[in-house]
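Some notes on the structure that comes next.
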Amino acid sequence: MAPVPSLPIKVGHIDDVQELRKAKPATVPERFIRDMADRPKVVPNLSSSLDIPIIDLSKLMKTDKDEVMQLKTACEEWGFFQVLNHGIDLNVVEDIENVAKDFFMLPLQEKQKYPMAPGTVQGYGQAFVFSENQKLDWCNMFALGVEPPCIRNPKLWPSKPVDFRETLEIYSREVRKLCKTLLKYIAVSLGLKGDVFEEMFGVAVQAVRMNYYPPCSRPDLVLGLSPHSDGSALTVLQQGKDSSVGLQILKGQTWVPVQPIPNALVINIGDTLEVLTNGKYKSVEHRAVTHKERDRLSIVTFYAPSYDIELGPMAELVDEKNPCRYRRYNHGEYSKHYVTNKLQGKRTLDFAKIQSKTSN
């Protein structure tokens with residue numbers, strides 16, 4: 001089963017941002033206005049040297065040594081990359097974008113047939129809200145567990161648009177293949193056997209979250225999505241065609257916007273891979289910002305080990321120079337910890353870190 005909170009949670013009133021935008025286009029309610037330190041700042045023109053790496057999967061699949069080194073550098077130095085020639089038919093990519101957009105454009109009462117219960121991460125609404133005074137993201141979400149079948153909640157799979165279910169099934173199968181392929185070459189880049197992650201993960205968990213960010217009259221005051229790292233092993237992000245630039249990643253102390261490349265998918269390393277590689281490949285904090293006039297759609301797939309698996313740093317990546325930094329733990333317990341805490345940078349990874357002992 002997908003992780004759920006053990007106690008009831010009070011989240012207070014949460015405005016639907018699409019409805020808010022329709023009714024009061026110039027209004028930003030207090031719960032969405034960030035504290036000064038958390039507000040997005042205008043990013044100056046950044047040089048192309050700050051563009052995230054681009055990986056050509058067709059070259060990787062020929063075990064092109066230069067491309068494997070590119071992948072290694074991307075994982076070590078960025079934790080993010082865009083993948084070209086990913087092998088997913090562009091019609092499939094277009095279809096999932098269309099049904100996602102069509103879902104968000106449905107009347108509110110139709111979308112509310114699939115509510116996201118407080119403290120959970122499936123359904124329509126806002127995830128990661130755990131109190132009545134918590135700041136809210138300028139975003140509507142629709143999230144579903146996909147694989148294995150036991151994490152699905154069939155009541156939350158919508159009947160409209162009529163082709164939603166079939167389209168998501170087809171898309172998810174293709175993304176699952178892509179994740180397995182990428183993990184194979186990530187293993188190779190670490191000097192490991194290509195099938196090491198697939199054998200370790202068991203029946204991998206896969207979930208999808210669709211995010212819709214309406215325009216906001218004061219994008220300088222709000223965030224589309226709070227800063228966080230992902231609890232997954234790998235995350236695959238599809239940015240909507242003609243959407244505003246919204247994804248930003250934290251590089252050093254700078255928030256770097258990710259410029260979408262046509263027909264590419266954005267890949268990022270999750271906390272789980274950071275633990276398995278003993279910190280050699282790190283998950284990276286990222287967030288979403290909004291735009292004054294343009295909306296944004298993204299479709300995100302999270303790929304992770306089975307909830308039954310016990311995880312810890314791989315023995316091949318622990319030595320005297322790189323002592324063990326993370327404890328062993330059950331992945332299901334970590335997943336529960338992740339989804340029952342608000343998004344707050346990389347704080348959820350503290351769950352797995354070996355804390356250094358200091359005397360008082």
Side-chain angles (χ1 to χ4, degrees), residues 46-101 167-168 170-190 194 197-198 204 206 208-211 230 232-251 256-270 273 277 281-284 286 288 296-303:
L46 295 163
S47 70
S48 58
S49 64
L50 283 180
D51 287 344
I52 71 168
I54 298 167
I55 301 297
D56 186 333
L57 188 63
S58 64
K59 290 182 182 177
L60 261 189
M61 292 177 76
K62 294 172 185 166
T63 322
D64 181 302
K65 288 183 181 177
D66 289 341
E67 206 67 21
V68 172
M69 281 306 297
Q70 280 266 97
L71 178 64
K72 182 184 177 73
T73 302
C75 293
E76 280 186 335
E77 297 182 5
W78 285 85
F80 266 80
F81 55 91
Q82 298 203 56
V83 64
L84 286 170
N85 298 317
H86 45 67
I88 302 177
D89 190 292
L90 296 181
N91 290 326
V92 172
V93 171
E94 192 174 315
D95 288 348
I96 193 70
E97 184 180 326
N98 288 338
V99 296
K101 191 77 177 268
T167 303
L168 180 57
I170 293 167
Y171 179 77
S172 295
R173 276 199 300 271
E174 294 302 308
V175 173
R176 195 172 184 85
K177 285 184 210 165
L178 173 62
C179 289
K180 288 180 179 183
T181 302
L182 287 170
L183 283 168
K184 173 182 174 180
Y185 291 103
I186 286 171
V188 169
S189 77
L190 289 160
F197 292 121
E198 183 159 5
Q206 186 175 341
V208 67
R209 191 179 73 227
M210 301 166 181
N211 305 311
D230 293 337
S232 56
L234 278 186
T235 300
V236 179
L237 168 72
Q238 178 179 330
Q239 306 202 68
K241 221 177 196 175
D242 303 322
S243 285
S244 62
V245 176
L247 174 64
Q248 296 183 342
I249 67 173
L250 190 60
K251 179 71 171 163
V256 178
V258 176
Q259 303 288 343
I261 295 173
N263 304 327
L265 296 170
V266 178
I267 312 295
N268 65 277
I269 302 294
L273 216 51
T277 64
Y281 292 173
K282 289 185 170 63
S283 61
V284 171
H286 51 286
R296 177 171 179 259
L297 174 72
S298 66
I299 299 149
V300 190
T301 299
F302 304 98
Y303 187 86

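Given the structure is predicted, the values throughout are model-derived calculations rather than measurements. Here, residue 1 is the first one in the sequence, and each next residue gets the next number.
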Query - Arg176 side chain vs Ala204 backbone, donor-acceptor pair below 3.5 Å - result: yes
Query - Shortest non-hydrogen contact between Leu84 and Pro262, atoms and distance - result: CD2-O, 4.1 Å
Report task. Ignoring hydrogens and angles, tell me if any N or O in the side chain of Gln82 forms a donor-acceptor pair with the backbone of Gln259 under 3.5 Å. Result -> yes
Report task. Check Phe80 against Pro53 and note the closest heavy-atom contact, atom names and distance. Result -> O-CD, 3.6 Å
Please report, to 0.1 Å, the donor-acceptor pairs under 3.5 Å made by any side chain of residues 86-94, with sequence neighbours excluded.
{"residue": "His86", "atom": "ND1", "partner": "Ile88", "partner atom": "N", "Å": "3.1"}
{"residue": "His86", "atom": "NE2", "partner": "Asn263", "partner atom": "O", "Å": "3.0"}
{"residue": "Asp89", "atom": "OD1", "partner": "Asn91", "partner atom": "N", "Å": "2.7"}
{"residue": "Asp89", "atom": "OD1", "partner": "Asn91", "partner atom": "ND2", "Å": "3.4"}

**Report entry** Heavy-atom closest contact (Gln206 atom, Ser172 atom, distance)
**Finding:** NE2-O, 3.0 Å
Requested in this report: Start with the C-alpha gap between Asp230 and Phe302, add the side-chain angles, then the distance that decides, and say whether side chain to side chain contact (heavy atoms under 4.5 Å, CB included) holds.
Outcome: CA-CA 8 Å; Asp230 293 337; Phe302 304 98; 3.9 Å; yes
Report summary line: To the nearest 0.5 Å, atom CD1 of Ile55 lies from atom CD1 of Ile186 at 9.5 Å
Query raised in the report: Given Met61 and Asn85, is the side chain to side chain contact (heavy atoms under 4.5 Å, CB included) satisfied, shown in steps?
Result: CA-CA 10 Å; Met61 292 177 76; Asn85 298 317; over 6 Å; no
Query raised in the report: Do Lys101 and Met210 have side chains that get closer than 4.5 Å, going by heavy atoms?
Result: no
Report task. Please report the C-alpha distance between Val284 and Ile269 in whole Å, then the side-chain angles of each, then the deciding distance to 0.1 Å, and finally whether the side chain to side chain contact (heavy atoms under 4.5 Å, CB included) criterion is met. Result -> CA-CA 7 Å; Val284 171; Ile269 302 294; over 6 Å; no
**Report entry** Check against side chain to side chain contact (heavy atoms under 4.5 Å, CB included), Ser232 and Leu234
**Finding:** CA-CA 5 Å; Ser232 56; Leu234 278 186; 5.6 Å; no
Query - Closest heavy-atom pair and its distance - Gln248, Pro257 - result: CG-CA, 4.0 Å
Report task. Say whether Tyr185 and Glu67, considering side chains only, have a donor N or O and an acceptor N or O under 3.5 Å apart. Result -> no
Requested in this report: For Glu76, enumerate each residue passing the salt bridge (Lys or Arg N to Asp or Glu O under 4.0 Å) test, keeping only those at least two apart in sequence or located in another chain.
Outcome: Lys72, Lys280
